[in-house]
There are 2 protein chains.
Amino acid sequence: MRGLGLCRLLLDSGVDAPPSSRLPIVQAEKIGSSRRRIFRSREEVDGVPIICDGWIAVAAYLPNGRRQILSLGLPGDLLSVGTLFESRVNHDVEALTPVRYRLFDRVGLRENLLTSPKALSSFVTDCAEEVHRLNERVLDLGRRQADQRIARLILELMERLTSKRATPAQTFNFPLRQSQIADVTGLTAAYVNHVLKSFRTRGLIKFEKRSLTVLDATKLRWMVDQ
Amino acid sequence: MRGLGLCRLLLDSGVDAPPSSRLPIVQAEKIGSSRRRIFRSREEVDGVPIICDGWIAVAAYLPNGRRQILSLGLPGDLLSVGTLFESRVNHDVEALTPVRYRLFDRVGLRENLLTSPKALSSFVTDCAEEVHRLNERVLDLGRRQADQRIARLILELMERLTSKRATPAQTFNFPLRQSQIADVTGLTAAYVNHVLKSFRTRGLIKFEKRSLTVLDATKLRWMVDQ
DNA sequence: CGATTGTTTGATGAAAGTCAAGTACCGTGG
DNA sequence: CCACGGTACTTGACTTTCATCAAACAATCG
């Protein structure tokens, strides 16, 4: 599924080369430092942002101060398919780690979509993926228990992070704080801690210095289906 | 926002005229009866379905039997933007009322997207709307209380149903059962009943014979923001 | 090295779920 | 027209899950 999206197309056309030497659709390369807001809700963005390095979160805040993370962005992700056609972002975008991203020219990309069936179908793939992940999140929040939600998040991240490499790695960089896991899964940080502790004592996962290893993916997957 | 989507484009080009007299992209008109499954999860669909009449629900089932309604389809809605490019539906699609829908030729529509910038931007609008609604649902399920979720559902349906007419109507047809409201909002039927009762006794809404009138939209909106 | 930020833990309570029993509301066929 | 059966709605007692709060501890960073 992954790797067919628009991002891959852009990456293949040189998003990782120095911006000056590349396609005219690359506008700028930017840096965001950890824990900083990259875009504010309703802010104008003059380009389509694609993440080169680091993790970001798209988050919504309620009047009472509660927060929900709507999606996580990993390296190689389009910020959101909406940014391709709307110059405003609807939600806050925050850097979870130090982040490097590129802005692509919106008009140029749009024309590209009309002239290249390959680009169009890549874009549609991206849309479908975004909708699919959102559907899964709705299912999580609506009908799954706390431990299932967290298990699914871990498995999802493992797959997304290793889908590029040939071999899915059990150990990967995991910058998420417990409070951020809580805001993704609709729980509280304290309860996330309880669940993670039980995962650890049951030998399902292991943390050490910002990296996570999944010791028993099978049992995690089984748990999700109960 | 609404009315710019692909559906509107198709409707304007005669989706409501008899199928024989119309564009070649119309393949067939179908009927689904209330409470029946229209498409089964993973089933092949040979066309892009657009709802002419009636309500449908896209629903996911968990192994333990619990169910979550991922989205509601009202007259004039594309079933899901995914159907434009994938011939498989990912989830069950069920008729909530008697339903009339049309199947459009997928290849024809896809070519149309490549040749007509207007069609493309309509399609993108549809995507953006679907993602927007899903984001709102995630926010509901993750961070809002039961009464806020139900209030938002009522307000959302009111707006979607009356966005076509000039004047938003306070009273509209409301075929949803309490158990179905529960499956949309991630609650149980019994608890939905509690909340609806309190809405009624507080004079916020009124039910009579499958139609709902919103007596105090302002207070409902206020409740959502608390 | 201190200051900030994150983690761990437990006690307590509220929100929503579960279960069960009863009531109203159909549409159907006699 | 009524009796019947099924479905939806209503209600209350009881339980579970998760939130809230607080306090102590650990880790990280300038």
Side-chain angles (χ1 to χ4, degrees), chain A residues 33-36 55 57 62 64-69 94-98 140-151 153 173-202 205-212 223 226, chain B residues 33-36 55 57 62 64-68 94-98 140-151 153 174-202 205-212 223 226:
Chain A
S33 50
S34 185
R35 199 121 339 194
R36 277 269 148 58
W55 293 29
L62 289 172
N64 59 21
R66 305 178 91 186
R67 153 177 131 140
Q68 174 69 41
I69 291 181
E94 302 165 14
L96 300 176
T97 69
D140 273 359
L141 299 180
R143 291 300 186 211
R144 283 200 256 247
Q145 314 271 88
D147 56 346
Q148 298 177 310
R149 298 182 204 179
I150 293 173
L153 176 65
N173 199 28
F174 194 87
L176 286 185
R177 310 288 133 148
Q178 295 185 350
S179 67
Q180 293 163 342
I181 297 178
D183 286 340
V184 173
T185 53
L187 304 165
T188 57
Y191 203 68
V192 168
N193 186 281
H194 289 310
V195 174
L196 286 180
K197 185 192 174 185
S198 97
F199 281 10
R200 260 182 280 125
T201 59
R202 281 191 277 166
I205 59 172
K206 190 176 64 176
F207 280 102
E208 46 196 17
K209 102 163 201 40
R210 301 287 120 214
S211 100
L212 170 66
M223 180 191 303
Q226 290 324 292
Chain B
S33 52
S34 186
R35 201 122 335 201
R36 278 267 148 60
W55 293 31
L62 257 39
N64 59 23
R66 306 177 91 186
R67 148 177 138 143
Q68 174 70 41
E94 303 166 13
L96 300 177
T97 68
D140 273 358
L141 299 181
R143 290 300 185 214
R144 283 200 257 248
Q145 313 272 93
D147 55 347
Q148 298 177 311
R149 297 182 204 179
I150 294 174
L153 176 64
F174 194 88
L176 286 186
R177 310 286 134 151
Q178 294 184 350
S179 67
Q180 293 162 342
I181 297 178
D183 286 341
V184 173
T185 53
L187 303 164
T188 55
Y191 203 68
V192 167
N193 186 280
H194 288 310
V195 174
L196 286 181
K197 185 191 174 186
S198 98
F199 282 11
R200 260 182 280 123
T201 58
R202 282 191 276 165
I205 58 171
K206 190 176 65 179
F207 280 101
E208 46 197 16
K209 100 163 205 35
R210 302 287 123 211
S211 100
L212 170 66
M223 179 190 304
Q226 289 325 291

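Note on naming: letters A, B, ... go to the chains in the order of the sequence lines (proteins, then strands), and numbering restarts at 1 for each one.
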Here the distance between atom C1' of C:dT18 and atom CG of B:Leu187, to the nearest Å, is 14 Å

Output yes when at least one side-chain N/O atom of B:Gln178 is less than 4.0 Å from OP1 or OP2 of D:dT10, else no. yes

Testing D:dC18, C:dT7, D:dT10 for proximity to the side chain of B:Arg200, the answer is D:dT10

Between A:Gly186 and A:Leu141, the two heavy atoms sitting closest are N-CD2, 4.0 Å

When rounded to whole Å, the CG to C1' distance for the pair A:Leu141 and C:dA15 reads 17 Å

Note: for A:Ala190 and A:Arg143 on DNA chain C, the residue whose nearest nucleotide lies more 5' is A:Ala190

Rounded to whole Å, CD1 of B:Ile150 lies from P of C:dA15 at a distance of 15 Å

Exercise. Is the shortest side-chain N/O distance from A:Lys197 to OP1 or OP2 of C:dT9 below 4.0 Å?
Worked result: yes

Q: Check whether more than 12 heavy atoms from other residues, nucleotides or ligands sit under 6.0 Å from atom CZ of A:Arg202, and answer yes or no.
A: yes

B:Gln148 atom CD is separated from C:dA16 atom C1', nearest whole Å, by 14 Å

Closest non-hydrogen contact found for B:Arg67 with B:Gln180 is NH2-CG, 3.8 Å

Between CD of A:Glu208 and P of C:dT7 the distance, given in whole Å, is 16 Å

Rounded to whole Å, the NZ-P distance (B:Lys209 to D:dC9) equals 15 Å

Considering only heavy side-chain atoms of A:Asn193, the closest of D:dT11, C:dT7, D:dT20 is C:dT7

Which of D:dA8, C:dT18, D:dC18 is nearest the side chain of A:Gln145? It is D:dC18

Contacts of A:Arg144 and A:Arg177 projected onto DNA chain D by closest heavy atom; the upstream (5') one is A:Arg144

Picking from D:dT7, C:dT9, C:dT7, the nucleotide nearest the side-chain atoms of A:His194 would be C:dT9

Minimal heavy-atom distance between A:Asn173 and A:Trp55, with the atoms involved, is O-CZ2, 3.6 Å

B:Tyr191 OH to C:dA14 P, in whole Å, measures 13 Å

Quick note, A:Ala146 side chain, CB onward, closest among C:dA16, D:dC18, C:dG17 is D:dC18

Of B:Leu176 and A:Gly186, the one whose closest nucleotide on DNA chain D sits nearer the 5' end is B:Leu176

Output for pair (A:Gln145 CD, B:Arg66 CZ), nearest 0.5 Å, gives 5.5 Å

B:Ile181 CD1 to C:dG17 P, in whole Å, measures 14 Å

